[in-house]
There are 2 protein chains.
Amino acid sequence: MDRRITKKGNDDASGKERPTLKTLAFMTGLGVTTVSRALKDAPEIGAETRRRVQLVAKQIGYRPNRAGVRLRTGKTNVISLVLNTEHELMSFVSDIIYGVTEVIADTPYHLIVTPYSRSQDPLDPVRYLVETGSADGVIISRTQPNDPRARYMLEHGVPFATHGRTDMGLVHPYHDFDNYAFAGEAVRALAAKGRNRLALVTPPVGLTYFRYTVNGFADALSEVGASEVPFNTVSIDHTIEQIRMRTAQLMRRDDRPDGIISSAAAATLAVVAGIEDAGLKLGRDVDVVSKQSSEVLHLFRRELLVVNEDFRLAGSELARAVLGWIAGKEPGSLQSLSKPSEVLPYRG
Amino acid sequence: MDRRITKKGNDDASGKERPTLKTLAFMTGLGVTTVSRALKDAPEIGAETRRRVQLVAKQIGYRPNRAGVRLRTGKTNVISLVLNTEHELMSFVSDIIYGVTEVIADTPYHLIVTPYSRSQDPLDPVRYLVETGSADGVIISRTQPNDPRARYMLEHGVPFATHGRTDMGLVHPYHDFDNYAFAGEAVRALAAKGRNRLALVTPPVGLTYFRYTVNGFADALSEVGASEVPFNTVSIDHTIEQIRMRTAQLMRRDDRPDGIISSAAAATLAVVAGIEDAGLKLGRDVDVVSKQSSEVLHLFRRELLVVNEDFRLAGSELARAVLGWIAGKEPGSLQSLSKPSEVLPYRG
DNA sequence: CCAGTATACTGAAACGTTACAGATTGCCAA
DNA sequence: TTGGCAATCTGTAACGTTTCAGTATACTGG
């Protein structure tokens, strides 16, 4: 039994099977090969024939069968976005998907989402994609300095782009937000408000941008002559409750910070709750600078200072990078770094 | 250009080529047909042969080539999630994707995300999917009472599930949140706090759950003897700024509401900002009940009353529904409605 | 011992596409 | 005239899978 979804109620006049090259060949009186080549502007096809074929193809709405192409050429016309189901930020998932689809929209590419969970080796989904040849290009996030996934794909010649940089001496496309600059700007903004005992809610330990953030923080601290109040018990990967509780603990200590920098909006909500749990007031007892990817934090507490990170842009850049690599561009030329916005106070 | 690693027949088992049925046939000394049938437990294959083939297949990690299957059978092993790039909630996108992938994880299905934008007819992406046979099943959101997409897929015999119900007298799988109950509970909770002039921030006009919400609101109003303060100038589709501004306008009027019900967390942030812009205080001058899909609102303002809607569950249910339909179950048996949680106050 | 039949397996064809190796034509130089 | 060559076009095979229509063997009942 053939399970294909063809129209059952074929009342729509003119028997409308999906047109194939054969259909086109029959209609134009040409051979299948000629039609195939005409559609892709091959030089050995006469100019008039080419135009004629393309016209007819457009008229009847010919669309190449993906399975046929894929079987024959190995080209899948698929980009896969690999996501961690526990730890990715909601805003990240949503925005990056839209960023990618925006770029992909007028190409033949489809976006497939390949998830993996905490329990799994992050290399698993990548290995699956490569082994089964399921995608022409891959986008990964939560990039590590020494990232086995990047190494693996490089070894197997699969085009990919990483959200975040690596540090393995290997060159590949990436898009990254300049978290070194972010942390630095944040420190300077707090220093400008007279804050000089600063704590940092870090990105997940182990990811590359953890390092950039920490380094930017440290360098700017000594630049402005402020000191760090260590806060290593949490990162933005922790739950809201954990961050809240530990922030409260921190803020009840005598040597509490008077400035906090947070690497993600969700964590910031918890941080502020923790500050208030400890009976302190934002803007008076402590200032907080936070990254955010959508304009929510100023609605939350207008005393917050924010820096915007555009995940939609990240998605677009990553998509462009993978497509570029697939198209044969130099991987080294497909790297981009986006600068943080100013540190923004509330503007009524 | 042939992108494959080699093009020689792979009957020499030494190579690192991806194993195919031919490889398996060579290794077992059987015919390709027999191997194919053995792998799918066809009855006309001897028990021992079957076991042997399956063992070898497992050993060498055979995985059917998706393009081959798809070309031959038309089965894509793809579920497509159709999303609006402007109006979907961030939490919705993220959670529903994870819900779907959770269910799909141990099936051969892949999830592809098919976007469409404001400017496009929502039917476009669906038509594309159906015409090109790109998916075995489709999930759509932002469902309307009379939904052309549902009608179209029904006509074309394509399995799908909708997030939200329709009202066309046609039966199809869906998952919905009981917004009638939500609005009712919200009204009763506000009434219990002595609020009796209530406003509603509605879902987008035109979507089915707009009606359920409005009806639940209206019925409960007359049940508790409260009155409605019309607030038709915004819906949760409006921007944060618009909602904030119009809420402020509303709250500056003499006949302002003393209770507001909001259909989405993001809108609620704006509503609260608007309330405060008007110089009023949450919990004293006005109470707000809001739906949310993650625990953020109580961090935002502890005076808020919340009702939780689980989008991850929605994703799972929708995926289960489509897969069920594909597997031949009755569409009518694949409908589910999830009841709202209690109206929850802040619990320290 | 034979036809009949159940059991276990098999080759060939087809899905739609592209690459390869021709095939046909017309034209020009020798 | 002949051979060569450029310009166009074409048939066949192959990608990996499933289905159709078998084949070969062994076993059954009469």
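In what follows, chains carry the letters A, B, and so on, assigned in the order in which the sequence lines appear, proteins first and then strands, with residues in each chain numbered from 1.
Scanning both residues, Gly133(B) and Arg70(B), for their nearest heavy atoms gives O-NH2, 3.9 Å.
One end of the helix from dC1(C)-dG30(D) to dA30(C)-dT1(D) points its axis 60° away from the other end's axis, with each axis taken from 5 pairs and the angle rounded to 10°.
Computed from coordinates, the Glu44(A) CD to dA21(C) P distance equals 14 Å when rounded to whole Å. Rounded to a whole Å, the CZ atom of Arg70(A) is 12 Å from the P atom of dT17(D). Between Lys22(A) atom NZ and dG11(D) atom P the separation is 13 Å, expressed in whole Å. Spacing between atom CZ of Arg72(B) and atom C1' of dC15(C) amounts to 6 Å, rounded to whole angstrom units. Between Arg18(A) atom CZ and dC15(C) atom C1' there is a gap of 12 Å when expressed in whole angstrom units. In this structure, Leu71(A) places its CG atom 14 Å from C1' of dA19(C), rounding to the nearest Å. Between the C1' atom of dC15(C) and the CG atom of Asn65(B) lies a distance of 13 Å, rounded to the nearest Å.
In summary, of the residues considered (Val138(B), Ile112(B), Asp136(B)), a side chain to side chain contact (heavy atoms under 4.5 Å, CB included) with Val78(B) occurs for Ile112(B) alone.
Applying the side-chain hydrogen bond (donor to acceptor under 3.5 Å, both in side chains) criterion to Asp106(B), with sequence neighbours excluded, gives no partner residue. Checked against salt bridge (Lys or Arg N to Asp or Glu O under 4.0 Å), Arg127(A) has the following partners two or more places apart in sequence or in another chain: Asp124(A). For Glu88(A), the side-chain contact (heavy atoms from CB on, under 4.5 Å) partners are Leu83(A), Asn84(A), Phe92(A), Val93(A), Ser141(A), Arg142(A), Tyr98(B), not counting sequence neighbours. Every residue two or more places apart in sequence or in another chain that forms a salt bridge (Lys or Arg N to Asp or Glu O under 4.0 Å) with Arg320(A) is listed here: Glu317(A). Applying the side-chain hydrogen bond (donor to acceptor under 3.5 Å, both in side chains) criterion to Ser117(B), with sequence neighbours excluded, gives Ser119(B). For Phe26(A), the ring pair (Phe, Tyr, Trp, His ring centres under 6.0 Å) criterion is met by no residue, not counting sequence neighbours. Taking Arg37(B) as the reference, Glu44(B) meet the side-chain hydrogen bond (donor to acceptor under 3.5 Å, both in side chains) condition, with sequence neighbours excluded. Among residues two or more places apart in sequence or in another chain, the side-chain hydrogen bond (donor to acceptor under 3.5 Å, both in side chains) test is passed with Tyr128(A) by His110(B). Among residues two or more places apart in sequence or in another chain, the side-chain contact (heavy atoms from CB on, under 4.5 Å) test is passed with Leu170(A) by Arg151(A), Leu154(A), Met168(A).
Within residues 45-63 of chain B, the residues having any heavy atom closer than 4.0 Å to DNA chain C are, in order of number, Ile45(B), Gly46(B), Thr49(B). Contacts of residues 28-42 of chain A with DNA chain D (heavy atom under 4.0 Å): Gly29(A), Leu30(A), Gly31(A), Thr33(A), Thr34(A).
Across dT17(C), dG16(D), dT17(D), the shortest atom-to-atom separation from the side chain of Pro64(B) is found for dT17(D).
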